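Report on the structure given below.
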Amino acid sequence: MDSCFRRNDKYCFRNRNYMSSAILQKPLRIIVMAQQTSKRPVKATDPAWAWAAYKPSDSAPWNLARAGHLYRRAGFGANWGELQQALSDGPQRTIDKLLKPKIDPASFNRELDQYESSASVDGLRAWWLRRMIQTPHPLLEKMTLFWHSHFAADAAKVKSARLMQQNVQLLRSQALGSLRTMLEGIWCDPAMLLSAAADTNRKARPNENFAKSLFEVFTVGPGGYTERDVREASRAFTGWFVLRSRLRYIEREHDDGAKQIFGRQGKFKGDDVVRVVLEQPATAQRLVRKLYRFFISETEEPDARVLAAPAESFAKDYDIPKLVGTVLRSNLFFSPAAYRRRIKSPVEFSLGIIKGLEETVSTTQLAKDLSKLGQNLYHPPTIHGWSGGRHWLNSSTMAARSNLALALLQGSGPYGAKLNPWLITQKYGASTVESAARFLVELFLQADPEGVVYRTLLKSAQSPADAKPQDRLRRFAHSVTTVAEFNLA
Amino acid sequence: MLCNRKVHRSVAFERFVLVALLAVFGFERTFAALPPAAEWIPKNAVISLEVSNPKALLDMLTGKEATAAVTALPAYKSLMSSAQSQELLTMIGFIEGTLGTDWRTGLAKLTGGGITIAICPEEIFLLIIDAEDEVMLGSIHELFLNIARNDGRGEELASIEGVTAWTFNGKEAHTIIGKRFVLASSAEGLKKVLDLRDKGVGENLTSKASYQAARQAAGPDSAATAFADLSLLKYVPEFSALLEESGGNPLSALAFAGIVEALRESSWLGLGLDVEQSSLVLRASVDGKAGGSSSSAGFALPKKAGQGVLPNLSVPRRLAAISLHRDLHEFYAAKDDLFPERTSGLIFFENMMGIFFSGRDLTSEVLSQAKPEIRLVLAEQEYDAAIGTPQVKLPAFAIIFCLKDAEEFDIVAEEAWQKAVGLINFTRGQQAMPGLIIDRPTQGETRFTVAYFSAVDVEDKSKLEQRFNFRPSVAMPGDYLIFSSSDGLARDLVDALDREMKSSHEALAGTHSALEIDAEQVASILEANRMTLVRGNMVKKGRTQAESEAGIDLMITLIKLAKQLKLSAGTGKDLTQAKLELSLNF
Amino acid sequence: MSYTRRNFLKGALGASMVLPFGTAMPHLLTSSAMAAKKRDDRNTVLVVVQLSGGNDGLNTVVPYGDDEYARNRYSLRMPTKDLHKINSYIGFHPRMGAFMRLYKEGRLTIVRGVGSPYPDRSHENAMRVWHTADPDNLSRQRGWLGRAIDNEWAPTTTNAPAVFVGPISRPFALNAGNVIIPSVRSAGDLVASHAGGSAEFSGANADKSLLSFVRQCRASGYANSRRIEAAAKRAANTAKYPSFGLANHLRTVAQLIRADIGIRIFFVELGGGGIGGFDNHANQLGNHCAMLHQLSESTAAFVDDLNGDKLLDRVLLMTFSEFGRTVKENGRRGTNHGNAAPIFLAGGKLKGGLVGTHPSLTDLDNGALKHDIDFRRVYATVLDQWLGFESRLTLDKQYKPLNILNT
């Protein structure tokens with residue numbers, strides 16, 4: 001039965017009732033990706049190969065593992081139905097749908113905007129998580145979260161839920177839009193200005209905080225600008241204030257003299273600074289590098305040669321969905337160099353469990369628990385956002401992840417019994433605890449773990465033998481979602 | 001349901017329900033009249049509960065009005081359509097068939113003579129039920145015993161004290177003597193009860209002085225009474241810990257003064273429950289008094305005969321009202337004893353009072369100005385359409401003091417209040433937030449001060465921010481000093497106090513705390529905030545909008561079943577007493 | 001919560017799931033212990049106690065020998081006879097007997113006249129000064145301890161290096177960019193409920209892969225949890241703490257030190273973090289008394305607890321407050337915001353005694369004491385000499401350390 005994974009036999013899994021089929025009656029060793037990681041891929045450093053569109057082949061079949069990988073990176077994990085649909089649709093159609101879903105998400109997002117309209121910041125956190133769980137367009141929310149960490153505005157500094165809501169709405173509106181439009185919105189976004197301590201920009205005392213963040217954090221990065229660029233750019237932003245929670249432009253406070261930024265000269269205003277900074281190749285390079293880390297791998301720094309082509313292309317139009325599409329469709333994305341090469345953020349970790357089990361839980365509680373795991377939405381720790389990667393994990397956050405998975409799955413307490421692994425396994429045709437356990441490993445891990453881990457896991461589903469199936473499945477789901485592998489995206 | 005222990009507990013609970021049901025439907029042999037059930041309860045019982053008139057309670061809780069009210073609930077129908085409910089209904093139907101009567105009548109006949117429950121040391125639990133109908137008792141016991149036998153656990157035990165005994169689950173033991181059904185949590189427990197039949201006076205609960213006193217205080221004619229031996233209960237660590245917990249929070253120390261202290265001093269607690277028309281009245285008494293001048297709760301106790309709280313004030317749209325007898329000066333002077341650990345809030349409070357009252361000593365020059373009569377009122381607000389309506393509609397609240405020397409202190413209070421408004425405005429101004437505007441309108445003959453936010457530059461007046469719920473006001477009619485969160489409530493209170501001053505009103509002697517909650521108004525303000533509540537509930541519970549709406553609507557409907565809740569506490573000659581009165585809306 | 005978790009463990013998991021983890025533990029412990037050795041062989045611990053609101057140093061360590069004290073403190077003056085006299089000039093507040101004992105035992109050092117060269121009289125800014133250790137740039141993104149922790153972080157770090165213990169939100173000093181620093185109310189908050197799925201996996205090879213890193217974090221998460229539980233049991237019977245909030249938090253700190261789970265920096269707080277606390281503008285006498293009593297008794301209980309367990313030599317406790325108060329009392333029997341104040345250090349490796357000179361009560365800066373020692377010198381001392389961190393990386397320049405530690 002191993003052949004099912006190795007070979008390009010996607011139909012293996014199309015049978016809704018597959019749990020009762022013979023496929024999973026004996027232990028599987030499903031190691032497509034693992035096998036490949038043992039040999040260093042030669043091609044990963046070849047830019048042409050790296051960015052060419054992935055086409056399923058015998059050595060790189062379109063299978064459950066790759067479908068799971070795609071949904072973890074381009075969304076917050078998938079449920080069984082989505083994985084099956086992806087297998088039957090193939091990679092291109094699946095990615096098309098992730099980029100532009102069949103159902104227009106606009107009405108869903110309008111409804112959610114309405115729900116969160118009078119919420120406090122705590123309420124906003126809860127509504128955003130709910131949006132991530134229920135959205136018909138997960139990639140949009142994933143990218144919004146990316147930008148929330150990139151243009152990191154902290155509600156504790158902004159002190160206004162309404163402004164934070166506007167800020168994230170701006171990020172969402174351009175999350176899969178244009179970086180140019182995004183930056184044109186960001187430099188005059190009241191929450192951003194308050195968070196960067198740049199809410200007062202007087203002609204006589206230009207505030208350098210925003211210009212510095214813009215260059216250092218949002219665009220060209222350290223070394224890509226000079227002190228003078230900051231000084232001159234901050235003059236371009238003079239005249240703009242946040243007063244009584246509103247953006248105000250006071251003409252006489254604007255310095256309309258000539259400025260020189262990145263060697264360009266002119267009577268620059270805010271949008272001009274954006275134009276000039278987008279002319280710098282370093283901006284596109286830096287963003288592409290950051291997106292590489294977000295979508296492909298955070299284990300090693302990518303070769304500059306690999307990034308050159310997408311960076312050049314991005315610099316032409318700053319079209320975000322085009323870039324994201326290229327990345328998601330690429331050979332590199334579906335190669336071992338990307339597979340399980342990221343550590344899940346707390347949001348990805350928890351939503352992976354929740355989405356797999358097809359229910360909406362208390363997101364008020366989830367937002368609180370995620371802050372204990374280090375990801376307090378609307379409160380990034382610094383203007384650099386969340387460092388991510390290995391920084392997510394240490395002994396205490398791992399203990400907290402285990403406790404969160406337990407709280408979600410145990411069927412009582414603040415999350416109640418909304419998540420019910422046994423019910424989901426039943427829905428997809430499992431009839432025994434054993435077949436249900438196999439199903440959960442498929443669903444959550446695509447059966448990735450090495451043989452010994454896999455076998456030990458499955459064995460643990462046997463005990464305690466006297467417990468009810470749904471209790472055993474709850475416990476087993478906790479085991480599955482706390483193995484090391486589940487923490488890798 | 002996940003863990004075994006819980007599963008066991010739930011099985012145990014089902015068994016308990018079974019046993020209790022069985023107990024209710026016991027069986028009967030004809031004997032001469034038995035002594036009161038309490039004489040069969042061992043003297044060392046820690047807690048006892050006697051329902052001497054179950055019919056009165058049953059009539060109220062399962063009577064036509066109540067049934068009509070409950071079955072009219074939309075939630076009732078959906079609840080009843082669940083599988084579990086269907087199972088229960090089938091079972092009830094089966095029992096009704098066996099007994100040949102409807103369950104209401106059956107229940108009344110099986111328990112009509114009274115129900116007595118007791119908990120004794122060594123985890124012995126006792127239940128005695130006196131039935132009216134022996135045939136019914138017999139058949140229902142037979143029925144349940146057969147079910148238990150099929151389950152492999154029910155059996156006849158060796159006779160205890162010459163009486164046939166059975167068990168349903170292998171642990172409890174029960175028997176039937178005359179019309180009386182007696183159940184104990186163990187065979188030894190049952191033996192203790194049966195022993196008492198012959199031992200007679202001196203060994204049973206009725207011979208205990210504290211029990212007699214508690215019964216007396218609870219009202220021997222009540223539909224139900226309960227007794228707790230506090231001197232024994234204090235050996236239970238959880239209970240004593242509860243009493244020891246000192247009031248770390250000044251406000252709770254102030255609010256609950258006299259109650260914890262009284263419990264600490266007491267050796268018994270007596271409860272009496274009565275049904276009066278459509279009200280349930282629960283009276284609680286303990287023999288301890290929150291002792292005299294040495295007690296840290298002395299500030300809550302009326303000092304002279306005839307002293308006590310003033311009647312609660314009535315205003316339109318009132319949600320709740322509290323009337324307290326608290327000597328603030330005495331309270332604050334004892335702060336070192338009451339809260340040795342200073343809370344941050346307390347120190348901030350003192351800093352602010354220092355500013356507002358220009359360095360006057362808080363204890364001896366400010367708080368001493370207030371008489372110990374303090375009242376609070378909470379009311380739903382009416383909003384002026386011209387100003388606008390906040391999206392979240394918070395209730396208005398007010399505190400009413402009575403001053404010893406209003407002529408002298410009124411101006412001091414006014415100055416303090418205006419300084420507070422000034423400070424708020426200054427702070428908000430620093431943060432570039434809009435401030436309050438002070439106005440001096442009149443209500444009747446009283447000129448008062450209100451501070452409000454202007455909504456002139458707000459476009460959408462139907463969804464104002466929360467701050468528009470607040471229009472802080474201070475008014476001083478007669479000797480009274482009103483601090484109110486809204487001018488509307490301040491006006492209503494000026495009128496209410498005016499009425500009170502014109503009529504003769506007397507303090508409720510001996511009462512130190514009195515609370516009234518108006519359920520219909522509570523339902524009304526919840527309805528006004530329905531959308532906010534529904535949205536909060538959606539993310540709090542992970543529900544859909546429809547699910548949350550159903551939940552919130554059910555809560556509102558249930559609240560509407562009640563009309564008013566009244567709670568009062570005070571000291572009598574030797575006792576500390578509390579009375580809870582719940583009037584229902586059937 | 002923990003009760004239901006235990007139920008879950010017992011009821012649903014059963015012993016079989018715990019066992020495999022048990023067998024894996026020795027391996028994990030040795031490997032993480034070795035990893036720790038390689039990075040830094042020190043295991044010293046810093047405990048920072050924040051006194052929120054601005055502590056009145058003059059009524060804490062009272063210069064009774066200076067007539068100016070009595071002249072300026074007409075209603076708040078401490079009677080000389082009640083003071084715990086340190087020398088002919090100063091003495092501890094009457095309610096600080098426990099501090100006096102620690103001082104005599106050589107376990108308490110008073111650093112006098114500590115402050116900032118750019119004093120700020122607003123709570124928020126002054127606290128920001130102490131939290132960022134950068135008076136020039138208060139909008140700095142990370143706190144001084146956060147930066148120190150970030151600097152020490154390595155890709156192999158699997159233990160949380162710092163923790164805040166208390167009911168308020170985590171003070172900015174601990175704001176880090178690269179490390180997630182937990183905020184707890186009790187040691188139990190750091191405990192993983194059980195070893196579910198820890199059918200792990202002796203094959204956890206020590207390569208540098210991401211998977212291997214996650215496995216190590218996970219293993220130390222569970223191992224640390226069991227150590228915390230064991231330490232909590234050990235300490236429960238012996239240690240005596242007064243029933244104050246601060247004492248409870250320090251008891252938790254002691255438990256976590258005992259558990260030995262790699263935490264180097266602890267942060268606790270007295271005063272509520274925001275408004276109030278030591279900010280005694282009115283009726284200072286009684287309120288300040290109560291605060292100092294809590295500080296003194298709680299700290300002494302903590303020191304005694306650790307000393308009884310022979311752990312005191314590893315521990316250094318440091319207090320700080322955002323500012324001292326004005327020399328002259330205000331009209332409301334209180335004092336206003338000032339500048340310099342003493343810092344207390346407690347521990348087993350201190351030289352003890354007094355450090356620095358007492359600030360003059362007449363040469364004032366707008367009514368407040370001038371500082372003698374820049375607070376960053378104290379920070380540099382604890383970073384360089386105590387924790388073995390390079391203070392220059394955190395404080396941007398090298399401050400001259402104080403000679404206060406026995407090496």
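Every chain is numbered from 1 and lettered A, B, ... according to where its sequence line falls, protein lines coming before strand lines. No experiment lies behind these values; they were computed from the predicted model shown.
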Is [X] close to chain C through its backbone or its side chain, or both, or neither, when contacts mean heavy atoms under 4.5 Å?
X	value
A:Leu488	side chain
A:Trp392	both
A:Ala400	neither
A:Asn209	side chain
A:Arg342	backbone
A:Lys157	side chain
A:Arg390	both

Short question: side chain of A:Gln375, backbone of A:Val347 - any donor-acceptor pair under 3.5 Å?
yes
Would you sort out whether A:Lys290 and A:Glu298 count as a salt bridge (charged side-chain N to carboxylate O under 4.0 Å, His left out), showing the intermediate values?
CA-CA 9 Å; A:Lys290 197 158 179 179; A:Glu298 58 193 15; over 6 Å; no
Test A:Phe486 against A:Phe349 for ring-ring contact (aromatic ring centres under 6.0 Å, His included), laying out the working first.
CA-CA 8 Å; A:Phe486 188 76; A:Phe349 171 80; 5.6 Å; yes
So which of C:Ala160, C:Pro182, C:Gly262, C:Ser225 has the biggest tally of heavy-atom pairs under 4.5 Å with chain A?
C:Ala160
Check the pair A:His391, A:Trp386 against ring-ring contact (aromatic ring centres under 6.0 Å, His included), reporting the backbone distance first and the verdict last.
CA-CA 9 Å; A:His391 302 290; A:Trp386 288 279; over 10 Å; no
Does a salt bridge link [X] with [Y], judged by any charged N lying under 4.0 Å from a carboxylate O?
X	Y	result
C:Arg264	C:Glu152	no
A:Asp369	A:Lys372	yes
A:Asp122	A:Arg125	yes

Quick one: what part of C:Asn178 sits under 4.5 Å from any heavy atom of chain A, side chain, backbone, both or neither?
both
Hey, which of A:Ala197, A:Ser387, A:Ser371 has the most heavy atom pairs under 4.5 Å with chain C?
A:Ser387
